[in-house]
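Let me begin by presenting the structure, written as structure tokens, before commenting on it.
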Number of protein chains: 4
Amino acid sequence: MPTLPPPSARQRRKEARPGELLDAALALFVEKGFAATRVEEVAARAGVSKGTLFLYFPSKEDLFKAVVRETIAGRLDEWNQELDAFEGSSAELLRYGLHSWWERIGMTPASGITKLIMSEARNFPEIAAFYEQEVIEPGDHLLRRVLQHGMDSGEFRPLNLELAVYSLIAPMIFLLMWKHSMAVCLPADKQFDPKAFLDSQIDLLLRGMLATPDAPTERTAP
Amino acid sequence: MPTLPPPSARQRRKEARPGELLDAALALFVEKGFAATRVEEVAARAGVSKGTLFLYFPSKEDLFKAVVRETIAGRLDEWNQELDAFEGSSAELLRYGLHSWWERIGMTPASGITKLIMSEARNFPEIAAFYEQEVIEPGDHLLRRVLQHGMDSGEFRPLNLELAVYSLIAPMIFLLMWKHSMAVCLPADKQFDPKAFLDSQIDLLLRGMLATPDAPTERTAP
Amino acid sequence: MPTLPPPSARQRRKEARPGELLDAALALFVEKGFAATRVEEVAARAGVSKGTLFLYFPSKEDLFKAVVRETIAGRLDEWNQELDAFEGSSAELLRYGLHSWWERIGMTPASGITKLIMSEARNFPEIAAFYEQEVIEPGDHLLRRVLQHGMDSGEFRPLNLELAVYSLIAPMIFLLMWKHSMAVCLPADKQFDPKAFLDSQIDLLLRGMLATPDAPTERTAP
Amino acid sequence: MPTLPPPSARQRRKEARPGELLDAALALFVEKGFAATRVEEVAARAGVSKGTLFLYFPSKEDLFKAVVRETIAGRLDEWNQELDAFEGSSAELLRYGLHSWWERIGMTPASGITKLIMSEARNFPEIAAFYEQEVIEPGDHLLRRVLQHGMDSGEFRPLNLELAVYSLIAPMIFLLMWKHSMAVCLPADKQFDPKAFLDSQIDLLLRGMLATPDAPTERTAP
DNA sequence: GATGAATGAGTGTTCATTCAT
DNA sequence: AATGAATGAACACTCATTCAT
């Protein structure tokens, strides 16, 4: 089996460039906002010169859009598949879903994208629409499926899906906003543990949603 | 007791200036962010010239700080007093508290301050600290009192106060962020009603917190 | 008769600004071309800062267009009127016209506009079209009238008007190009006197155009 | 006499490179001016990469000088020889000279060099001096010889040589400027035919210069 | 006090030039 | 020799801030 000639060091760098720039840009846009971030800073953080950035992205705004597009791209497919395959109770499913959201998004740099979009939405309405379409809407759909499934099985009491979904979205978005704003600025003794909060929050919500809320944190025995 | 002569119209305008500028600045900072807002726009929106703004605020940053300070100033005293005087159940108290928060803050332009601070916290850590000290901390304290009271009376089951408080804060902050970011950019059919969401959310949380969650939306009969 | 309050020194400066900037811009654009002229230079030459220039002209390109528009504006009306009132021979009229062109355009800074337009036409086709419409076309028309008049009176032999007109335009444009390019770069001994050239050229052309070319430089005796 | 082995195709291309680059550069400099032309465009038009251009020319300015030098190089020798060999009348000689100028220069891409130099002279005074020395001065000398010859033979009336020469140069330079600026921007109905103009112009000038201007367009019969 | 003309430091963007491959 | 990725100096344009009126 013939191997392709190994890409030169330069080639490797070239291919990595856009990614490095996008990482740097995401971090800085999240930290300082779009307007307050200088492209030179982004370039410096990616280890290149200002000019190089413009080799890959035609303008600061295009860089911004690329950051959003790349960070968001197709993140929800995995969950939809997992949902289809999931075999436990709806409560377990919810719990699993939020935990894995934290592991795959909340904990990672990608979490910043939400803060960024919330902060800049009004300056970039197309971006907001894109986020709605690519993240909120599919996420909403996914959560609805979970809740509907729980209601159909009698596990959950009847819920207003439209609103209940936002009860699940709210703590996630709150967590991201908090993490990327207040948490960065407060001393250690004012912090709280995101995972503990998530657990506590799921617990509370499940108690509120289950038809038989006696033992919401454990799977009901057969 | 001699009364002061009534201030002339001009006098009145002059005294109103800072307030008009602060209103304009709040609206624009919330809409576009600090960096992307031009002082000239603020001045124009307040109906004065650029120079005049600098007569009242020595710099754009000082204007920003004044906006935060003025919008926030001592908003929580009222609630603390109401809490002391409240005579209903803790569930009712919570319900009342969140509703009145919506009426007095959430619905008003002051609601923007939270989005603003979340967005700019990392650029202005002192502002974040100020907000923590003036809003979060007292709000946290107030909510703890409510929850503690409910627990003491046996109305609520035992809760981890530290985390439970954030379960109440989360939907509020989510609501503000959403309102000032996504909601502005989405078409009518993608919107949801904030008050309905609040109601539904309180319902859910109360079911989760009450010791006897049978009738969470109504005060338990004697 | 009440006089208007005299404009303040500042007011006076403000009103003079655009004109000063246009003068400076014309000179520099003619000298270095559009692309090679820095707006800061233009501003400096007009005695203001870079920012001030942008107070009056939204962009470098707009400045360029304004230069062309202002320098050209309605220069030919005067000649048309003089032509109507002229009482001498056509030869005298031609001679007078070219001399006064030199006095009013050729000798003045406005002469640079032609060099500028010839040099930049292909980068600014609208400008070229504007020049054609505002200068070439009316000038062409004016010259045709003169030649036609001479032919009608029998003073000139039959001419192909279309081409003959360019025989008059050619030395003018040549003179302007030469003056603003080569002449500036050559030592004194390589120069020639524009007025002497004009005289000699008119002489030559008149000899070529007159029906009785015996005494082209003097009005034919009765 | 042994012949060198024929250069390979690659070799030929390699040797042709500078020429292809010079052609591309001439065309673009003429079209857009020196400052507004990007070296990358020149390279692209010549079918090579940006880096390659700098292999042949150490800088953009050197490229410019090479363009001028190569385009101009020794164009006048031929005419001087033809002049020495010419056997017809001076009028015929002039007519022949201007026609062949049009064929060999005016019609060809080399014609652009004059527009280029006129436009850029003040940014590159050495270039202007070079052009004066290599083109104007020899051309001037050549034309003087023609006119002097005509005066010596009694064919032309006495002329101020210094000025009369520019009467011949003027229409040529005008034609080049026009062709490379206005003509490119104007619609078909505003154009004129260069050769027809040249004919008409020569006719006019000869009538003005000949001692016996009766039949300037035809050689006087013996 | 109020204005808005003026400033100049700062930033996004371009492009001639270099150099590792 | 040829490439094209990378650079950074240069430049158009913005905008917070000043200050003469």
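Residue numbers begin at 1 in each chain, while the letters A, B, ... track the order of the sequences.
Between E20(D) and R45(D) there is no salt bridge, since none of the side-chain N atoms of the basic residue sits less than 4.0 Å from a carboxylate O of the acidic one. Under a 4.0 Å N-O distance rule, the pair E41(D)/K32(D) qualifies as a salt bridge.
Taking atom CZ of R38(B) as the reference point, atom P of dG10(E) lies 19 Å away to the nearest angstrom. Across the protein-nucleic acid pair, E41(D) atom CD and dG4(F) atom C1' stand 17 Å apart, rounded to whole Å. The nearest whole Å value for the distance from the CD atom in E20(C) to the C1' atom in dA6(E) is 13 Å. The nearest whole Å value for the distance from the CG atom in L21(A) to the P atom in dT7(F) is 10 Å. In this entry the distance linking CD of E61(D) with P of dA16(E) reads 13 Å, nearest Å. dA5(E) atom P lies 14 Å from atom CZ of F57(C), rounded to whole Å. The CG atom of D62(C) sits 13 Å away from the C1' atom of dA12(F) (whole-angstrom rounding). Between the NZ atom of K32(C) and the C1' atom of dA10(F) there is a distance of 14 Å, given to the nearest Å.
Between K60(C) and P58(B), the residue anchored nearer the 5' end of DNA chain F, judged by the nucleotide with its closest heavy atom, is K60(C). Heavy-atom distances to DNA chain F give each of L53(D) and G51(C) a nearest nucleotide, and the one nearer the 5′ end belongs to L53(D). Remark on DNA chain E: of its neighbouring residues G47(C) and F54(A), the 5'-side contact belongs to G47(C), judged by nearest-heavy-atom nucleotide.
Side-chain N/O atoms of T52(D) include one lying less than 4.0 angstrom from OP1 or OP2 on dT3(F). In this model, the phosphate group of dT7(E) is approached by a side-chain N or O of S49(C) to a distance below 4.0 Å at OP1 or OP2.
Across all strands shown, dA1(F) forms no Watson-Crick or G-U wobble pair with both key distances under 3.5 Å. Of all nucleotides present, only dG8(E) satisfies the Watson-Crick or G-U wobble test against dC15(F), with each distance under 3.5 Å.
Minimum heavy-atom separation, F54(D) to S59(D): CE2-CA, 4.0 Å. Residues Y131(A) and M118(A) come closest through the heavy atom pair CE2-CE, 4.4 Å.
Backbone-only engagement by Y56(A) is indicated by non-hydrogen atom pairs under 4.0 Å involving sugar-phosphate atoms exclusively. At the heavy-atom level, V39(C) lies under 4.0 Å from the strands shown only through sugar-phosphate atoms.
Within 3.5 Å, a donor on the side chain of K50(C) pairs with an acceptor on the base of dG10(E), or the reverse.
With distances taken from any side-chain atom of L55(D) to the nucleotides dA2(F), dT17(F), dA5(E), the minimum falls on dA2(F).
In this structure, the separation between CD on E31(C) and CG on L116(C) is 12.0 Å, given to the nearest 0.5 Å.
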